[in-house]
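So the structure is just underneath, and the comments pick up after that.
Values in this document were obtained by computation on a predicted structure and should not be read as measured data. All values below come from the heavy atoms of this structure, side chains included, with hydrogens, waters and symmetry mates left out.
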Amino acid sequence: MISFIVHGGAWNIPNDMIDAHRVGVTSALRIGWKILEGGGSAIDAVEQAIRTMEENPTFDAGRGSFVNAMGEIELDASIMNGTTLRCGAVASVQNIRNPITVARTIMEKSENVLLTGLGAVRFAKENGIPTCKNDDLIVGRELQRWKQLQVQKRFSAKDAFKGTVPSDTVGAVALDANGMIAAGTSTGGTPNKYPGRVGDSPLIGCGTYADSGIGGVSCTGYGEAIIKVVLAKTVIDYMEMTGADCATAATYGINRLKSKVDGLGGVIVLDTQGRPSVAFNTPRMARAYRTSAMNADVIEV
Ligand code: ASP
C-alpha cells in the first residue's frame with residue numbers, strides 16, 4: 001500500500017485563485033506519487049512535493065510568501081520520519097528558497113531538531129544548500145499587500161484567517177511501500193507578522209507529526225491557536241488512545257481547535273493503512289490525494 005496527500009492551505013480562497021491552487025496541489029501530488037510508485041521513500045515524497053509548492057508563488061511558502069512587518073520574508077518548515085521519530089525544523093529563516101530541505105538536512109545530519117534564523121542559514125551553507133537574496137523570494141502581490149497593511153492601525157494574525165487574506169501554507173503526508181509514514185509542513189507564516197514570530201508549522205507536534213505505527217498529520221491555519229492545542233499530536237493521540245479512524249480523529253482535532261481556543265484551520269491525515277482524510281473549519285482548503293487503492297487523483301479546493 002502507498003498513499004500520499006498534500007495541502008495548499010485552508011482559508012477563504014477567492015474564486016479567481018482556485019485554479020492556481022488546484023494546479024499547485026496537483027503537481028505536488030504527482031511529484032510525490034511518482035516517487036512512491038517507484039519505490040521511493042515517504043521522506044523523499046514529502047520533501048520533493050513541498051519543494052515544488054515552495055517554488056510556486058501561489059503559496060505562502062518559499063517564494064511568494066507573506067512578508068513580515070519589516071517587509072522581509074521569514075520562513076518556517078518541519079519534517080518528520082514516523083519510523084525513527086527523527087525530525088528537523090527551521091524557524092524564522094531568511095535567504096533560503098527551500099526551507100523544507102534545510103529541515104530535512106537538520107533531521108538527517110545533525111543532533112538537533114530546530115534551528116532558527118542565522119544559525120539555520122549557517123547550517124544550510126555548511127551543508128551545501130544554496131542561499132539566495134531575500135528579494136528573490138518576494139513577489140509583487142505580497143509587496144502590495146504589505147503596503148496596504150501598513151496603513152491599517154493593527155492587523156493581528158487571527159485577522160488573517162477571518163477575511164479573504166490568504167493562508168496558503170503547504171504540507172504533505174506520505175505512506176511508502178516499506179510502511180514508513182512521513183509528514184512535513186512549510187510556510188511564510190501570517191501577513192505582516194511581528195519579526196521573529198514563529199507559528200505552528202516548524203513545531204513538531206503542533207504543525208507536523210508522524211508515527212509509522214499510528215499515522216501522520218500536517219496542519220494549516222491560525223498558528224497561535226494550533227500551538228495551544230498541539231493540534232498534529234492531538235489528532236495522532238486520539239487515533240492511538242481511542243482507536244478512532246483518521247477521519248474521526250481529524251474532525252476531533254478541528255473541533256477541539258474551535259472549542260478550546262476559537263481557532264480556524266485544517267489538517268490532512270493518513271493512517272497506517274494509507275487512508276487519507278481532511279478536516280477544516282475555514283471556507284475552503286486546497287488538497288489532493290491518491291492511494292494505491294484508487295485509480296485517479298482526488299483534487300479538491
Ligand atoms: N499555520 C501557519 C502559521 O500560523 C499559517 C497557515 O497555515 O497559513 O504560521
message = Does anything in residues 17-32 form a salt bridge (Lys or Arg N to Asp or Glu O under 4.0 Å)? List the pairs, not counting sequence neighbours.
response = Arg30-Asp297
note = Taken in chain and number order and not counting sequence neighbours, the residues that satisfy side chain to side chain donor-acceptor pair (under 3.5 Å) with Asn56 are Thr58
ask   = In terms of side-chain heavy atoms, does Asn192 have a donor or acceptor partner in Gln150 at a distance below 3.5 Å?
value = yes
ask   = Could you give all pairs that pass the ring pair (Phe, Tyr, Trp, His ring centres under 6.0 Å) test and reach residues 179-207, with sequence neighbours left out?
value = none
query = In the hydrophobic clustering that connects Ile, Leu, Val, Met, Phe, Trp and Tyr at side-chain heavy-atom distances below 4.5 Å, which members other than Val278 occupy its cluster, ordered by chain and number?
reply = Met1, Ile5, Val173, Leu175, Ile181, Ile268, Leu270, Phe280, Met285, Tyr289, Met294, Val298
ask   = With Gln94, which residues qualify under side chain to side chain donor-acceptor pair (under 3.5 Å), at least two apart?
value = Glu72
ask   = Would you say the side-chain atoms of Ser3 and Thr291 include a donor-acceptor pair closer than 3.5 Å?
value = no
inquiry  = Please determine whether side-chain contact (heavy atoms from CB on, under 4.5 Å) holds for the pair Val170 and Thr185, giving the CA-CA distance in whole Å, both sets of side-chain angles, and the decisive distance to 0.1 Å.
reply    = CA-CA 6 Å; Val170 304; Thr185 311; over 6 Å; no
Over all atoms of both residues, closest heavy-atom pair of Val217 and Ala183 = O-CB, 3.6 Å
key: side-chain contact (heavy atoms from CB on, under 4.5 Å) against Ala249, all qualifying residues, sequence neighbours excluded   = Val235, Tyr238, Met239
ask   = Do side-chain atoms of Lys193 reach the backbone of Gly188 as a donor and acceptor pair under 3.5 angstrom?
value = yes
note = Those residues at least two apart in sequence (or on a different chain) that pass side chain to side chain donor-acceptor pair (under 3.5 Å) with Ser201 are none
ask   = Around Leu143, counting heavy atoms of other residues, nucleotides and ligands shown, do more than 12 lie under 6.0 Å from its CG?
value = yes
task = Can you tell me which residue pairs pass the salt bridge (Lys or Arg N to Asp or Glu O under 4.0 Å) test with a partner in residues 110-124, sequence neighbours excluded?
result = Arg122-Glu126
key: Partners passing ring-ring contact (aromatic ring centres under 6.0 Å, His included) against Phe59 (at least two apart in sequence or in another chain)   = His21
ask   = Which pairs count as salt bridge (Lys or Arg N to Asp or Glu O under 4.0 Å) when at least one residue sits in residues 87-101, sequence neighbours excluded?
value = Glu55-Arg97
note = Only one of Asp168, Thr169, Asp60 passes side chain to side chain donor-acceptor pair (under 3.5 Å) with Trp11, and that residue is Asp168
inquiry  = Does anything in residues 247-260 form a salt bridge (Lys or Arg N to Asp or Glu O under 4.0 Å)? List the pairs, not counting sequence neighbours.
reply    = Lys258-Asp262
query = Should Thr101 and Glu47 be marked as a side-chain hydrogen bond (donor to acceptor under 3.5 Å, both in side chains) after you check the CA-CA gap, both sets of side-chain angles, and the distance that decides it?
reply = CA-CA 7 Å; Thr101 294; Glu47 183 198 6; 2.6 Å; yes
note = Sequence neighbours excluded, the answer for side chain to side chain donor-acceptor pair (under 3.5 Å) partners of Ser78 is Thr208
